[in-house]
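Lettering of chains follows the sequences in order, A, B, ..., and the numbering in each one begins at 1. Since we're looking at a predicted model, the values are computed, not measured. Every heavy atom of this structure was used, including side-chain atoms; hydrogens, water molecules and symmetry mates were not.
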Amino acid sequence: MSQVIQDKVIDEKLEWSRINADVIASMQNPRLAYWITMAICILMVAVAVAAEVYQYKYGLGAGGLNNPHMWDMYIATFVFWIGMSHAGTLLSAILHIIHAQWRKPIYRFAEAMTTFSLMTAGIFPMIHLGRVWNLYWVLPYVSDRGIWPNFRSPLVWDAFAISTYLSSSALFLFIGMIPDMAILRDHTTGWRKKLYGMLCLGWRGDDRQWRNFRRTYMLLACFLIPLAISVHSIVSSDFAMSIMPGWHVTTFPPYFVAGALYSGCAAIMTLFVALRYFFRMEEYMTLNIMEKTAKLTFAIAMVWTYLNLIEFSATWYGHNIYDKELLIDKATGVYAPIFWTMIFSGMVVPFTLCFQKLRRHMPTMLVVSILLNLGMYVERWMIVAPTLAMSHSAHQWDILFGTVIQWGIVFGSFGWFGLLFLIFVKLFPCVSMYEVKELCFHLKHEIEEEEREKQHAIKADTKVPAGGGASPAGNPGLEGA
Amino acid sequence: MSNHRLLAMFKDFDDAFEVVDKIKGKALSTVHIDDVTMMSPIEHPQIDEKLGNRPSNIGYFTLMGAIFGVSFGFVFLSAAQASFLVQPQGGKPVIPLPTNFVLMYEMLIFFAVWTTVITFLGMSGLLSRRGTLYSEKLTVDEIGLVVEVSDTELESVKDFFKENQALEIREEKV
């Protein structure tokens, strides 16, 4: 079997009209599991709202926040969701620039994940602020008192970076959907036709539009990559720019970026399995695509593992007593079960991705991807909580595992993300129709080209005289070409 | 003067490109290749090669947006910091460049992205009122060629398209 056929991620013979019909039908008739998941998400959001209302009424103490745990799980969850948002950038922007064709059927939901993760992450600074009504103080607006935010603070950088990333990734998602909106405008009826008619902005698919579209998409992808890296580097600066043990680490920015890509990839795997089942997308979200995603996740997991080990060894050989004690306490103290869960889920579980049989087994991939993300969540918690619990002054040492209120809000954030995502995939195609058509088109031509070359080679072989001598013209096999 | 617009629909890119090649070969003396528009459900990699070089200038606007963003970032932050001298600086500079670079970088990207998108909308003729010459099959699997012709050439151009495997021809008055 040729390499092109072996590596193909989708059946190139899919009719283009069928691609339209399948994707549109999937948006209208998801499986029952979709509605059940949505109900669970609504329930989770309700829990979070109740917890937040309680915390709003009684203060941050209700969430367990006090000195020294002034932000704890809220900031860990914020970092987790920011990290998750890097999936879209990786799968969409980076793989788009390097022309990885296999991303085409799945990049749309990865981009949506980016936007919704950021929307979820953005809630947490507001929540842990306590005085939510003063949120606008971080914004650089001209006030009558002439007071500006402290532009030297990484927290203000966060506000700038995240709002830039949110608007850019939302635009990236929207621009990429315009041709699909036009397909939906042409092939749906009722309110959907009206909605997509507005959103496609009058797209007609002429050569000028396609040319500008490609150029714009490429430019946005080029900007999104350094932006994503800067966002997570800035988030890491929230910690690294302090002098707290465990946080003042040089490798924090790359460590955060690697962790972000890692959790993003794991989340893509989870959503891949879910969407494939909910919307009957077996023909589009194929096992070959899952295999490639799993391999990519494994590679990033190894980078993350390496950076983790670098951090441990730098602390160990650095002989900074506070840092070293903290590391020992993480591994042997009250947070040890969480620390070892992180090590197991983040460093050991990824090795299951080395086995092809497992990579092609959807239920296994679902469990593995959830375990990977569990590892990534507790990693963020292990960055925040132990340092706060055991910093320089022993009289301030205090262990916190979060209160019911804190857990409720964190739990609800997953529901909030899930709810936004599920509404999105019901309203908009989770598979990019025009990109899948392009993929089929290119694949078909590659296979035809290969077939032609094979035929030429056979013809050339048969024309070469017995004994492998040169052709009469003196160019072996040239006349067959 | 051209007062009719014709849309000829073709089964695939090969048929449409064949017609484009014939137009380039002066099969239609009154239609120039620069006036031909191709409509398709996907972007064919050979469209530029076939229709001739039609550059997209979005990149220049992106560059301008980026330059504006970084300049605006510097001026905005410096102006804010310089106007608030009451705040004790603790011996640090009033306008700290290293930390401001981070925000200038973010503003560079912010303005570059928005300029790119706004330029794309403008240059692609999106959001503007367009003619009615369109077929829903263009978002399925058929390829369209649009040309503008005058009254006198209308029938001959239609015949040309019919002879060249056009599945359907639509027209509108300009």
What do you reckon, is [atom1] of [X] surrounded by more than 12 foreign heavy atoms closer than 6.0 Å?
X	atom1	result
A:Lys444	NZ	no
A:Ile243	CD1	no
B:Phe72	CZ	yes
A:His248	NE2	no
B:Gln46	CD	yes

Among [options], which residue has the highest count of heavy-atom pairs closer than 4.5 Å to chain A?
options	answer
B:Lys92, B:Lys137, B:Met107, B:Arg54	B:Arg54
B:Val146, B:Leu127, B:Thr116, B:Leu103	B:Leu103
B:Ile47, B:Val117, B:Leu108	B:Val117

ask   = Between A:Arg185, A:Met433, A:Glu435, which residue shows the highest count of heavy-atom pairs closer than 4.5 Å to chain B?
value = A:Arg185

Partner chain B: residue of A:Asn20, A:Val231, A:Thr164, A:Ile175 with the largest heavy-atom pair count (under 4.5 Å) =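 Ranked by heavy-atom pairs under 4.5 Å with chain B, first place is A:Thr164.
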
task = Would you please classify the geometry between the B:Phe120 ring and the A:Phe213 ring as parallel, tilted or perpendicular, with 30° and 60° separating the classes?
result = tilted

Nearest 0.5 Å, what's the [atom1]-[atom2] distance between [X] and [Y]?
X	Y	atom1	atom2	value
A:Asn150	B:Gln81	CG	CD	8.5 Å
A:Ile234	B:Glu106	CD1	CD	4.0 Å
A:Trp210	B:His44	CH2	NE2	13.0 Å
A:Leu220	B:Ile109	CG	CD1	11.5 Å
B:Ser40	A:Tyr434	OG	OH	12.5 Å
B:Leu126	A:Ile178	CG	CD1	6.0 Å

Shortest non-hydrogen separation from [X] to [Y] and the atoms involved:
X	Y	value
A:Glu438	B:Ile42	CG-CB, 3.5 Å
B:Ser56	A:Arg211	CB-CG, 4.3 Å
A:Arg152	B:Pro96	NE-CG, 3.4 Å
B:Glu43	A:Arg214	OE1-CG, 2.5 Å

ask   = So do A:Trp157 and B:Thr99 actually touch side chain to side chain, heavy atoms under 4.5 Å?
value = yes

message = Does any backbone or side-chain atom of B:Leu51 lie under 4.5 Å from a heavy atom of chain A? Answer side chain, backbone, both or neither.
response = side chain

inquiry  = Under 4.5 Å from any heavy atom of chain A, what part of B:Val113 do you find: side chain, backbone, both or neither?
reply    =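 Both backbone and side chain.
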
Under a 4.5 Å heavy-atom cut-off, does chain B meet the side chain of [X], its backbone, both or neither?
X	result
A:Leu224	neither
A:Ile19	neither
A:Leu171	side chain
A:Arg215	side chain
A:Leu227	both
A:Leu201	both
A:Pro226	both

request  = For A:Ser163 and B:Phe110, run side-chain contact (heavy atoms from CB on, under 4.5 Å): C-alpha distance rounded to whole Å, both residues' side-chain angles, the deciding distance at 0.1 Å, then the answer.
outcome  = CA-CA 9 Å; A:Ser163 46; B:Phe110 181 84; over 6 Å; no

message = Is it true that B:Thr37 and A:Asp206 share a donor-acceptor pair across their side chains at a distance under 3.5 Å?
response = no

request  = Assess the side chains of A:Ser17 and B:Asp141: does a donor N or O sit below 3.5 Å from an acceptor N or O?
outcome  =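 No pair is found: no donor N or O on one side chain lies under 3.5 Å from an acceptor on the other.
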
key: Partner of B:Thr139 by side chain to side chain donor-acceptor pair (under 3.5 Å), out of A:Arg204, A:His187, A:Lys437   = A:His187

